[in-house]
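These notes concern the structure reproduced below.
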Amino acid sequence: MLKTAKDFAKKPKKYFVELNKNISLQNITYNKKLLEKAYYFSLNRHNNQYRESGEPFASHPYAVANILIELKLDHQSIITALLHDTVEDGVATNEEIIENFGLEINQLVQGVTKLSKIQLPNSDVREASNFSKFILAICKDIRVLIIKLADRLHNMRTLKYVKNIARRQKIAKETLEVYAPLAGRVGFQVMKEELEELAFKEINNEAFQSIYKRTLFLRKQNKNFINETISNIKNIIDQNNEYEISGREKKIYSTWKKMLRKSISLEKVSDIYAFRIITNSINDCYKVLGIIHTTWTMIPDRFKDFISTPKPNGYQSIHTTVIGNNGTKMELQIKSKNMHQLAEYGVASHWIYKNSQDTKQIGEINKGTRWFQDVLDIIKTAGGPRELIEYSRMDMYSDNVFCFTPKGDVISLSKGETALDFAYAVHTNLGNSTIGAKINGNLTPLNTKVKNGDQIEIIRSKGTFPQQSWLNFCISGKARSQIRKFLRDHEEDEFEKLGKEILKKILLDVNKRATKKILTTLTKGFNYTSYRSFYVAIGRGEVLSESILNLLYQKNNKESLNKNNYKGLPIMGLKKGMAMHLAECCNPLLGESIVGILVEGKGIFVHLLNCSTLDRFSDFPELWYELMWHKNAGTFSQTSKINITLQNKVGSFHKVTSCIKKANANIVDLNVNKRSEDFFNIEVSLQVNSIKHLNDLIQFLKLEDCIYKVERK
Ligand code: MN
């Protein structure tokens with residue numbers, strides 16, 4: 001690690017020699033000439049730039065390169081680290097990088113530059129986890145992410161030099177919420193912890209310092225605790241096996257998290273020590289666990305077996321807490337060598353491990369660009385956890401698309417989702433009032449499929465509502481269910497209104513109003529849970545007016561309806577006592593759509609809704625009365641006229657009369673209008689019960705061979 005590099009620019013050779021030494025110490029195969037070129041390229045291009053610490057800027061990429069060397073990353077990554085800020089700072093172009101260092105390194109530099117431009121928006125934790133996923137999604141090469149993590153680690157190590165407090169807080173927050181979890185996700189446990197400690201120290205320095213003081217106090221009190229415990233453990237587990245036993249103080253941030261999780265005060269914090277037993281095999285892990293649990297009392301809810309059930313990032317280990325000899329709690333981790341290496345150094349560890357024994361393979365790997373694929377292959381053959389492979393592969397979120405709101409919040413969608421899905425993903429209300437969308441500043445149809453990195457602005461309007469047609473292109477479950485819900489609710493609103501109107505009319509006909517008492521009686525009587533659901537049922541026609549009246553009168557023991565309310569005609573919608581006549585121009589029949597017209601001094605004339613006479617009244621809406629036949633009317637004899645054209649032959653006439661007789665209708669009058677050689681035209685006045693009765697009769701007549709035409713007049 002670079003301690004201080006004020007003399008960095010003055011002694012370039014010295015630092016270059018040190019870089020070479022570090023690489024050699026880690027047995028990393030590399031091209032010295034290219035490294036030298038990159039080293040001086042960075043030094044020259046960042047020539048006049050300084051960090052807030054006063055160090056020459058080039059000391060930063062140099063430090064990042066050294067972090068990667070510590071992690072045993074490959075030659076290309078180390079070179080990229082040296083160059084990683086040149087393009088972003090505008091002191092070099094991608095063309096220059098390609099020309100001097102080739103396409104692969106340029107791609108890595110581009111990847112890191114792209115990542116550096118993305119910043120965590122000020123939003124909640126859920127967004128932060130989306131943001132982490134987004135970063136993984138746009139990193140096609142895991143080395144880009146690792147270089148970025150090393151970059152962040154060095155920036156965090158030097159964060160104290162940044163003068164702007166708000167900026168420092170933002171960087172620390174981003175580190176804690178995004179980069180530390182990412183480091184954990186790719187398996188860099190050590191780096192994750194360091195990032196957390198540094199970030200926590202910045203974000204909550206007060207808490208950091210108090211826990212630190214407590215740790216110092218406990219350290220003094222238990223001077224030899226770690227060593228004693230290690231020898232205690234050694235005494236009870238198999239002496240013949242070479243187990244690696246170590247103990248350490250827990251990290252301050254992890255103590256803090258535990259305090260929060262268990263709501264314990266600082267004075268109660270005592271088990272700040274964690275011990276680790278590293279065995280040679282999985283079998284040994286369980287063997288050691290058995291011995292420990294039979295020697296010391298285990299604390300039940302603290303036992304976790306991540307060997308049989310690895311964490312999502314592939315982490316494997318057994319965690320347990322026991323009460324040791326002198327009554328102190330001890331936290332123990334038991335894992336195999338392989339598991340340990342994987343946890344400490346991440347995905348690269350298998351590669352390093354394998355390669356240190358197989359020099360031929362190093363050469364092959366360094367030849368091509370398949371570095372990461374090779375790591376994966378090695379993990380596969382080494383039987384590493386499947387989850388890890390899934391997570392390390394950079395296409396792990398290939399089914400996801402990450403988009404931005406105008407404020408910069410990241411929204412995670414599935415592939416194929418549209419701008420409208422995006423609106424619903426942001427908020428249901430936004431989705432429901434959407435009228436348009438702008439993707440990257442351009443107006444686009446709502447069914448446009450969104451792409452990774454799109455910035456989407458939803459245009460909304462208060463007066464608009466979700467459309468049925470949206471269901472044709474909306475994909476996400478949330479959007480679809482919200483649209484359906486809206487359409488259903490909206491429909492219910494309409495039915496509720498209609499139901500209210502209908503009930504008002506029904507009650508008006510019997511001189512009642514929809515009082516609370518009546519409404520409660522009806523709603524309960526029909527087994528509805530709310531007025532609204534009752535109104536909706538009326539509106540939908542699920543509760544008929546006759547049943548409403550039946551219920552009311554059955555309850556109130558009043559006189560029968562007919563007697564009480566009908567003035568001759570079984571028609572509703574009129575005030576009691578108003579005279580009513582069926583208009584002779586159209587002779588409306590029971591069951592037909594009707595309307596009433598008020599004629600001064602004479603009363604209401606009932607017309608068919610499509611009667612041509614009504615045209616004369618179209619400018620006088622105040623004369624129109626909405627009317628309905630009462631459904632309880634039963635049979636109601638009325639006169640209607642039909643015209644029949646029939647063949648002029650013997651027996652035709654008889655067939656007409658017998659048909660009418662069979663249909664149970666009465667002939668009131670009959671006139672022959674026309675008579676020719678071939679046919680008669682006759683007009684028949686009939687007594688029928690309803691429009692249905694008449695229609696049935698007409699169909700009946702039409703079946704006769706001798707009848708050409710039947711029409712209602
Ligand atoms: Mn940097």
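Counting starts at 1 for both ligands and their atoms, following the listed order.
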Practice task
Take Tyr212 and Gln209 through the side-chain contact (heavy atoms from CB on, under 4.5 Å) test and state the conclusion after the steps.
Solution key: CA-CA 5 Å; Tyr212 179 64; Gln209 296 302 341; 4.2 Å; yes
Practice task
With the Mn ion (ligand 1) as the reference point, give the N/O/S atom of Asp151 that is nearest.
Solution key: OD1
Exercise for the section: Examine distances only and state if a side-chain atom of Asp89 and a backbone atom of Thr86 form a donor-acceptor pair shorter than 3.5 Å. Expected result: no
Exercise for the section: Name whichever N, O or S atom of His60 ends up nearest to the Mn ion (ligand 1). Expected result: NE2
Problem - Angle at the Mn ion (ligand 1) (to 10°), with one arm to OD2 of Asp85 and the other to NE2 of His84 - result: 80°
Handout entry: Donor-acceptor contact present, side-chain Gln455 to main-chain Ile439, <3.5 Å
Key = no
Practice task
Answer yes if the side chains of His46 and Asp85 hold a donor-acceptor pair under 3.5 Å, and no otherwise.
Solution key: no
